[in-house]
Amino acid sequence: GLSAMKALSGPFGGIKFIPTGGVNAQNLAEYISAPFIHAVGGSWVCPKADISAGNFEKMTAALAYGADAVYLAGRSFGMRSAADNFSVEELWAAVDYAHTRGKKVYLTVNTMPHEDEYPALREYLCALKGCAIDAMIVADLGVLATVRELLPDTEIHISTQASIVSSAAAKAYAALGAKRVVLARELTLDEIRAIREQLDPAVELEVFVHGSMCVSYSGRCLLANALNGRDGNRGTCTQPCRWNYTLMEEKRPDERIPIEETNLGTFIMSSKDLCMIGHIPELCGAGIASFKIEGRMKSAYYTAVVTNAYRMAIDAYFADPAGYRLDPRWQTELESVSHREYGTGFFYAKPMENPGLVSTCGYIREKAYFSTATEYDEAELAAVTAAGIPAENAEGRLYRFVQRNKLSAGEGAELISPGAVGRAFTVRELYAPDGSALESTPHPSMPYWCRVPFAVHPGDILRASESRGLEVRARDRLK
């Protein structure tokens, strides 16, 4: 997952040593996905990428587009209760799906349960015995002890909710059995380097590098509790820091006085989104084992595009550190998804120096997500070709898609594939499964065939080539 009066938010994991013969085409994939770790003997290792996944669709998108691991939550005890999240049965299926692809699953159990919730917590953890979840992400000491008691072979990671800002705190959690700590988002890169130098190499560090940021210290906020009784520390935050506020004088309750920083309104508690795509070398040199991308409340399109951009950047850096240059197309990809203004969080300035607040309301538009490519349906393709439509010609080949938003013939589109930025073309042919020509694809989840001039694989995404999508959201509310 990895914002304002202090902080920002924002996928991969595990310290590994570069083999004696160095990284090559055969072993490169094993090392890509986390920042470089300076280990004993002066060796460097590559960080892993961990992506948040709010449901099964988002998880498959994250893994297909380059995440080494996903972190997700069950229906209870996770910090994003408004996300779809996973039932116990779905968690078992998710672990099996990831492990068959050589990827990992980390389960967040990072709320602060009250006394009367521990029987339910114990029942939940017992239901996961034998599930082979790769790690539990916890924040509460009682939860940590309960996980160690009931699931003693499960690796433990400490959540950013624990506000770890020193090597002393990291060592204390390591002594309790934690293998990895997710550092507080309020740390600078220099502070992260200093913490890394004081730790045993076996203790891994993880940091958020992309995503939304919380106005409160490491997300430990009581604002929603105070305003509407929703507990942000138990997964039900309503983000009142994003709302617009006015002043009221007690004897004139009907006279609302606007608070304005600019002519667009006030943003005194609304943080910029974290984006560190432009600083991969610095992150890799800070001794970070895992880059974390936040986004459980976002779409599968967001998950795929953001993961893909960081995957390409990390791979490019590790392929040639000395010759590495930021490809501006990676930044362009990140601009194509729904987000607030981007910033670098507190990696280069402390909260009191630069709180990282937005200067405009709402989300910046994202490109329309048209559809996702599916496996070939031979029966459908036979029906299309029987209608006299060639499966392949000089304009490209027919591929099957499932609709997510309306697409019309004649529109500009881009194909997104793992390891590649968007490739543009004009949609000239659309067909129904029976071979009849379509002017558009108006119905949700409808299957259709589209001629594409590039090779298409299941899971590839079709999106608008222009920003025909979400405009900046309403000026009167930050959501």
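One is the number of the first residue; the rest follow in order along the sequence.
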Would you say that [X] contacts [Y] through its side chain, given a criterion of any heavy-atom pair below 4.5 Å between the two side chains?
X      : Y      : value
Val305 : Val337 : yes
Lys367 : Glu414 : yes
Leu125 : Met136 : yes
Leu183 : Thr160 : no
Asn85  : Asn55  : no
Phe425 : Leu462 : yes
Leu63  : Thr307 : no
Phe370 : Gln403 : no

Run the numbers on Cys275 and Thr344 for side-chain contact (heavy atoms from CB on, under 4.5 Å), then give the verdict. CA-CA 6 Å; Cys275 178; Thr344 56; over 6 Å; no
From CA spacing to verdict: salt bridge (charged side-chain N to carboxylate O under 4.0 Å, His left out), Glu155, Arg180
CA-CA 9 Å; Glu155 192 171 292; Arg180 178 184 297 178; 5.3 Å; no
Got a second to check how far [X]'s [atom1] is from [Y]'s [atom2], nearest 0.5 Å?
X      : Y      : atom1 : atom2 : result
Lys104 : His99  : NZ    : NE2   : 8.0 Å
Tyr399 : Leu415 : OH    : CG    : 9.0 Å
Leu430 : Ser408 : CG    : OG    : 8.0 Å
Phe291 : Glu206 : CZ    : CD    : 10.5 Å
Leu438 : Trp449 : CG    : CH2   : 13.0 Å
Tyr106 : Ile137 : OH    : CD1   : 8.0 Å

Is Arg423 atom CZ crowded by more than 12 heavy atoms from other residues, nucleotides or ligands, each under 6.0 Å away?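 Enclosed.
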Exercise for review: Check the surroundings of atom CZ in Arg428: do more than 12 heavy atoms from other residues, nucleotides or ligands lie under 6.0 Å from it?
Suggested key: no
Backbone N/O of [Y] and side chain of [X]: donor-acceptor pair under 3.5 Å:
X      : Y      : result
Ser299 : Tyr302 : yes
Thr108 : Leu72  : yes
Lys58  : Lys298 : yes
Asn405 : Tyr369 : yes
Asp273 : Gly343 : no
Gln331 : Pro328 : no
Ser440 : Leu407 : no
Tyr310 : Ile277 : yes

Where do Val421 and Met312 land on the side-chain contact (heavy atoms from CB on, under 4.5 Å) test, with the steps shown first?
CA-CA 9 Å; Val421 296; Met312 288 187 285; 3.8 Å; yes
Is it true that [Y] and [X] share a donor-acceptor pair across their side chains at a distance under 3.5 Å?
X      : Y      : value
Ser371 : Tyr448 : yes
Thr374 : Arg400 : yes
Ser336 : Arg463 : yes

*Tell me, please, which residues at least two apart from Tyr97 pass ring-ring contact (aromatic ring centres under 6.0 Å, His included).*
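ring-ring contact (aromatic ring centres under 6.0 Å, His included) check on Tyr97 returns Phe56.
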With sequence neighbours left out, the residues meeting ring-ring contact (aromatic ring centres under 6.0 Å, His included) with Tyr348 are His279
- prompt: Is the ring centre of Phe86 less than 6.0 Å from the ring centre of Trp92?
  reply: no
For Phe401 and Thr372, run side-chain contact (heavy atoms from CB on, under 4.5 Å): C-alpha distance rounded to whole Å, both residues' side-chain angles, the deciding distance at 0.1 Å, then the answer. CA-CA 5 Å; Phe401 294 86; Thr372 302; 5.9 Å; no
Minimum-distance pair of heavy atoms, taken over all atoms of [X] and [Y]:
X      : Y      : result
Ala289 : Glu204 : CB-CB, 3.8 Å
Ala304 : Ala61  : CB-CB, 4.2 Å
Phe77  : Pro113 : CD2-CG, 4.1 Å
Met276 : Leu274 : CG-CD1, 3.9 Å
Asp140 : Thr111 : CB-O, 3.9 Å
Thr154 : Ile133 : CG2-O, 4.0 Å

Take Glu57 and Arg404, measure what salt bridge (charged side-chain N to carboxylate O under 4.0 Å, His left out) needs, and give me the verdict at the end.
CA-CA 13 Å; Glu57 180 191 20; Arg404 297 302 299 264; 2.4 Å; yes
message: Please determine whether salt bridge (charged side-chain N to carboxylate O under 4.0 Å, His left out) holds for the pair Glu90 and Arg75, giving the CA-CA distance in whole Å, both sets of side-chain angles, and the decisive distance to 0.1 Å.
response: CA-CA 10 Å; Glu90 288 170 335; Arg75 299 283 168 81; 3.2 Å; yes
request  = Test side-chain contact (heavy atoms from CB on, under 4.5 Å) on Val138 and His157 and set out the steps.
outcome  = CA-CA 6 Å; Val138 307; His157 298 176; over 6 Å; no
Could you tabulate the donor-acceptor pairs under 3.5 Å formed by side-chain atoms of residues 450-460, not counting sequence neighbours?
residue	atom	partner	partner atom	Å
Arg451	NE	Glu429	OE1	3.1
Arg451	NE	Glu429	OE2	2.8
Arg451	NH1	Pro390	O	3.2
Arg451	NH1	Ala391	O	3.4
Arg451	NH1	Gly396	O	3.1
Arg451	NH2	Pro390	O	2.7
Arg451	NH2	Glu429	OE1	3.2
Asp460	OD2	Ser417	OG	3.0
Asp460	OD2	His457	N	3.0

